[in-house]
Asks: 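If you scroll down you'll find the structure; I have some questions about it.
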Amino acid sequence: MIVDLRSDTVTKPTPGMLEAMWSAPVGDDVYGEDETVNTLETKLASMFGMEAGLFCPSGTMTNQIAIKCFTQPMDELIADETAHVYRYEGGGIAFNSAASVRLLNGDRGRLTANDIEPHVNPDNIHYPRTSLVVLENTVNRGGGSFYTISEIEPIAQLCKQKGLKLHLDGARLFNALVATGEHPKDYGRLFDGISICLSKGLGAPVGSVLLGSKETIKQARRVRKVFGGGMRQAGYLAAAGIYALDHQVERLKIDHEHARLLGDCLAEQAYVKSVMPVDTNIVIFELDVRLPADEFVVKMADNGVKCSTFGHQMVRFVTHLDIHEDQVAYTKNVLVDLT
Ligand SMILES: *Cc1c(COP(=O)(O)O)cnc(C)c1O
């Protein structure tokens, strides 16, 4: 048996999704003529109560476009030190936006208004102008930790008061929504920009959508073209996203349950030093010094379970659409027998 727990990006389209892709009406989206892309953008925007959406090839692109739209060269943005926009987007903030980043040390990647406020620079020519706050929900390096709306509200208030834009890297926002039972519209009213990945837990092969005001998305469309992200008959891909939103959101709960089962099993193993709380579909754990993380990953792979190291002595498991109950049971057996 092969169990691939490296990432929730490894999923393949389901037969229903392939059928939806195959039969999608398409056109040239750079001319605005792809009706399936237009449907996806409108569908997500109205779900979140936002004015407009923009379909892009990746979450890196939606985040980088948002940062470009919400900053000017020489500005500064505030983010947690674990933030994907900072760590995993190849230095794109400096390259694309010529902006600097103030990194804070939140609780498993989650910031509060009190954390942020002292780092908003005063209006003084010595300091870069703080113009943007970026939050991530769920937090990848936080082990899938999530914010609730009541935790975000004071941050949104602070941003409004200080004249800062607020962007959400919501690569796994639907995992948070399913975990909290909160409504997408509550997010729409708090953020200036929201990036949502269709190719993570939702199971589409490609794509992310940036949501914002009409004005923001108009500018974002221009930036997407400059970044080389203007796609033509992209409706074949957008159809997968529409299918995912219609059929593969509620089932994220199953991924969360599977992650919890794996986390519980890991916590019982002598070679595991600690397991981060399992809140959604990510399990991050630290191995005892006697079992080097690289060795653990090789041993797991020898037994058909793929996973990745995630920092010194740390390993990450991610559950998703293509991990079924029997694979979870199998993985637990491998963990118990591993020595
Ligand atoms: C995966 C991910 C992204 C976007 O990644 P792409 O591979 O570019 O689609 C952004 N933020 C977070 C937190 C992610 O996990």
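Whatever order the structure lists them in is the order used to number ligands and atoms, beginning at 1.
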Asks: Do Thr148 and Ser150 have side-chain atoms, one donor and one acceptor, less than 3.5 Å apart?
Replies: yes

Asks: Side-chain polar contacts of residues 21-28 - donor-acceptor pairs under 3.5 angstrom, sequence neighbours left out - could you list them?
Replies:
| unit_1 | atom_1 | unit_2 | atom_2 | d |
| --- | --- | --- | --- | --- |
| Ser23 | OG | Glu19 | O | 2.9 |
| Asp28 | OD1 | Val30 | N | 3.0 |
| Asp28 | OD1 | Arg232 | NH1 | 3.3 |
| Asp28 | OD2 | Arg232 | NH1 | 3.2 |

Asks: Tell me whether Glu136 contacts the main-chain N or O of Asn140 through its side chain, where contact means a donor paired with an acceptor under 3.5 Å.
Replies: yes

Asks: Mind telling me whether Tyr88 and His84 have parallel, tilted or perpendicular rings, with 30° and 60° as the class edges?
Replies: tilted

Asks: Under 6.0 Å from the ring centre and within 45 degrees of the ring axis: does the NZ or CZ of Arg141 meet both conditions for the six-membered ring of Phe310?
Replies: yes

Asks: Give one line per pair: atom of ligand 1, protein atom, distance. Only N/O to N/O under 3.5 Å.
Replies:
| unit_1 | atom_1 | unit_2 | atom_2 | d |
| --- | --- | --- | --- | --- |
| ligand 1 | 8 (O) | Gly59 | N | 3.4 |
| ligand 1 | 8 (O) | Thr60 | N | 2.9 |
| ligand 1 | 8 (O) | Thr60 | OG1 | 2.6 |
| ligand 1 | 9 (O) | Gly59 | N | 2.8 |
| ligand 1 | 11 (N) | His84 | ND1 | 3.4 |
| ligand 1 | 11 (N) | Asp169 | OD1 | 3.0 |
| ligand 1 | 11 (N) | Asp169 | OD2 | 2.6 |
| ligand 1 | 15 (O) | Arg172 | NH1 | 3.0 |
| ligand 1 | 15 (O) | Lys200 | NZ | 2.8 |

Asks: Kindly state whether the ring of Phe285 and the ring of Phe317 have centres lying under 6.0 angstrom apart.
Replies: yes

